[in-house]
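Right, one structure below, let's go through it.
Hydrogens, waters and symmetry mates play no part in the numbers below; they use all other heavy atoms, side chains included. All figures in this text were calculated on a predicted structure; none of them were measured in a lab.
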Amino acid sequence: MTRTIGLIGGMSWESSAEYYRLLNEETRRRLGGHHCARSLLLTVDFAEIEAMQRAGDWAAAGRTLAEAAQALERAGADMVLLCTNTMHRVADVIEAEIGVPFLHIVDATASRITSAGITTVGLLATRYTMEMDFYRDRMRAHGLEVVVPDEDDRALVHDVIYRELTMNRVEDASRRSYRRIISTLADRGAQAVILGCTEITLLIGPGDSPIPVFDSTRIHVEQAIDLALAPGTPLE
């Protein structure tokens with residue numbers, strides 16, 4: 001018997017599909033045969049969430065995602081994953097409204113990075129994630145210093161996410177730009193780089209970087225599977 005993984009998706013559906021694919025590929029890799037991950041996916045409307053982001057209405061976004069998490073819990077989820085980095089801005093709101101564990105993407109990613117002996121890491125993400133305190137402060141609580149691109153490059157990274165990747169477009173020119181930005185972060189002291197938006201993994205991977213790459217999407221998925229396949233381990 002495995003535990004049921006609850007996924008709040010739709011931000012965007014492209015990255016939610018990546019979560020679903022990775023969950024099932026990793027489960028089959030570990031268990032073999034025809035095994036799949038026992039999971040529930042609730043997709044919210046990204047157009048509504050994106051409008052709340054632009055308006056700065058994080059309270060409304062938090063309520064929307066907390067309701068999604070509650071619905072997953074009622075449906076039988078043993079844990080909840082939010083399939084986006086940016087909306088972890090409201091993680092505390094979600095966590096307060098459910099009785100099952102909420103697996104925080106920053107905690108999972110930071111744990112993997114610190115285990116590798118890294119102390120300074122570059123961050124590629126949406127403008128909200130790169131510029132607001134919620135992500136960097138939580139990384140610092142794990143002993144990690146975060147380096148972000150300069151203002152022009154933050155705008156470029158953000159625009160590629162919203163104008164291309166969340167619209168299912170993967171452009172070679174954008175991949176080249178991201179490679180340049182990663183090299184700049186490395187020159188500024190980053191020992192590794194976080195793919196801190198769940199869409200970025202659609203564009204670049206380890207082969208695009210001169211420093212180690214930590215894919216937050218894959219790390220988040222692997223943590224969930226660790227817990228799902230270890231029913232004797234308490235969920236905290």
Side-chain angles (χ1 to χ4, degrees), residues 5-20 40-75 77 79-110 123-141 146 148-169 194-203 216-217 220:
I5 301 168
L7 307 166
I8 306 175
M11 298 163 285
S12 61
W13 72 256
E14 286 84 357
S15 64
S16 302
E18 186 72 359
Y19 263 84
Y20 188 75
L40 297 166
L41 171 63
L42 193 156
T43 301
V44 299
D45 186 351
F46 187 40
E48 295 176 1
I49 298 296
E50 192 271 336
M52 293 170 189
Q53 291 175 341
R54 282 187 289 106
D57 195 352
W58 299 99
R63 289 193 298 272
T64 298
L65 297 181
E67 290 170 0
Q70 289 172 327
L72 287 169
E73 183 177 11
R74 289 193 300 270
M79 65 192 80
V80 171
L81 278 68
L82 180 60
C83 302
T84 162
N85 279 270
T86 296
M87 295 314 300
H88 277 72
R89 166 70 173 73
V90 298
D92 290 349
V93 177
I94 299 169
E95 192 168 16
E97 296 298 325
I98 56 176
V100 296
F102 177 84
L103 305 189
H104 201 294
I105 197 168
V106 174
D107 294 341
T109 305
L123 174 64
L124 299 182
T126 67
R127 181 183 287 276
Y128 308 111
T129 303
M130 290 187 288
E131 296 181 357
M132 290 180 170
D133 291 335
F134 75 96
Y135 202 95
R136 288 176 296 172
D137 284 353
R138 197 159 183 129
M139 281 286 172
R140 288 192 185 104
V146 176
V148 299
D150 63 24
E151 185 173 359
D152 287 346
D153 282 344
R154 290 198 302 271
L156 187 155
V157 170
H158 180 92
D159 288 347
V160 167
I161 292 167
Y162 278 84
R163 297 178 182 177
E164 297 175 16
L165 300 179
T166 60
M167 304 299 289
N168 206 26
R169 289 174 51 205
I194 300 170
L195 307 187
C197 175
T198 51
E199 281 83 18
I200 294 177
T201 186
L202 304 174
L203 181 67
S216 61
T217 301
H220 205 198

*Does the side chain of Leu40 reach to within under 4.5 Å of the side chain of Ile5, using non-hydrogen atoms?*
no

_Measuring only between side-chain heavy atoms, which start at C-beta, is Asp107 closer than 4.5 Å to Thr109?_
no

*Is there a donor-acceptor contact under 3.5 Å from the side chain of His220 to the main chain of Thr84?*
no

*asked:* Nearest 0.5 Å, please: how far is CG in Asn168 from CG in Leu202?
replied: 8.0 Å

_CG on Leu82 to CD on Glu95, rounded to 0.5 Å_ = 11.5 Å

*asked:* Walk me through whether Leu65 and Val90 qualify under side chain to side chain contact (heavy atoms under 4.5 Å, CB included).
replied: CA-CA 8 Å; Leu65 297 181; Val90 298; 4.0 Å; yes

*Search all heavy atoms of Gly10 against all heavy atoms of Ser16 and return the closest pair with its distance.*
N-OG, 2.7 Å

_Just so I know, are the side chains of Glu18 and Thr198 near enough to count as touching, which here means a heavy-atom distance under 4.5 Å?_
no

*Verify the distance criterion only: is there a donor paired with an acceptor across the side chains of Tyr162 and Gln53 at less than 3.5 Å?*
yes

*asked:* Just so I know, are the side chains of Met79 and Val100 near enough to count as touching, which here means a heavy-atom distance under 4.5 Å?
replied: no

*Which atom names give the shortest non-hydrogen contact between Gly196 and Ala125, and what distance separates them?*
O-CB, 3.4 Å

_Nearest 0.5 angstrom please: Phe134 CZ to Arg89 CZ, how far?_
7.5 Å

_For Arg127 versus Glu151, what's the shortest heavy-atom pair and its separation?_
NH2-O, 4.2 Å

*asked:* Do Met167 and Glu14 make a side-chain contact, defined as non-hydrogen atoms from C-beta onward lying under 4.5 Å apart?
replied: no

*asked:* Can you tell me how far apart CG (Asp137) and CE (Met132) are? Round to the nearest 0.5 Å.
replied: 12.5 Å

*Can you find a pair of side-chain heavy atoms, one from Leu124 and one from Pro149, that are under 4.5 Å apart?*
yes

*Dump the intermediate steps for side chain to side chain contact (heavy atoms under 4.5 Å, CB included) on Met130 and Val157, then the final yes or no.*
CA-CA 10 Å; Met130 290 187 288; Val157 170; 4.1 Å; yes

*Full working for side chain to side chain contact (heavy atoms under 4.5 Å, CB included) between Phe102 and Glu97*: CA-CA 10 Å; Phe102 177 84; Glu97 296 298 325; over 6 Å; no

*Answer yes when Arg63 and Glu67 have at least one side-chain N-carboxylate O distance shorter than 4.0 Å, and no when they do not.*
no

*asked:* For the OH atom on Tyr20, are there more than 12 heavy atoms of other groups (residues, nucleotides or ligands in this structure) within a distance under 6.0 Å?
replied: no

*Please round to the nearest 0.5 Å and tell me the distance separating atom CG of Asp133 and atom CE of Met139.*
14.0 Å

*Taking atom CG of Leu195 and atom CG of Leu203, what is their separation to the nearest 0.5 Å?*
9.5 Å

*Where do Ser216 and Cys197 come nearest, in terms of heavy atoms and distance?*
OG-N, 4.4 Å

*Search all heavy atoms of Thr126 against all heavy atoms of Ile161 and return the closest pair with its distance.*
N-CD1, 3.7 Å

*Hey, mind stepping through Glu199 and Ser12 against side chain to side chain contact (heavy atoms under 4.5 Å, CB included) and telling me if it holds?*
CA-CA 8 Å; Glu199 281 83 18; Ser12 61; 2.7 Å; yes

*Would you indicate whether the side-chain heavy atoms of Leu41 and Tyr19 approach each other to under 4.5 Å?*
no

_In the structure I gave you, are the side-chain heavy atoms of Ile94 and Gln70 within less than 4.5 Å of one another anywhere?_
no

_Centroid-centroid distance, Tyr128 to His88, less than 6.0 Å_ = no

*Count the heavy atoms of every other residue, nucleotide or ligand shown that sit under 6.0 Å from CZ of Arg163, and state whether that count exceeds 12.*
no

*Test item: side-chain donor near acceptor, Thr129 and Thr86, under 3.5 Å*: yes

*Smallest separation among heavy atoms of Val44 and Ile49, with atom names*: CG2-CG1, 4.0 Å

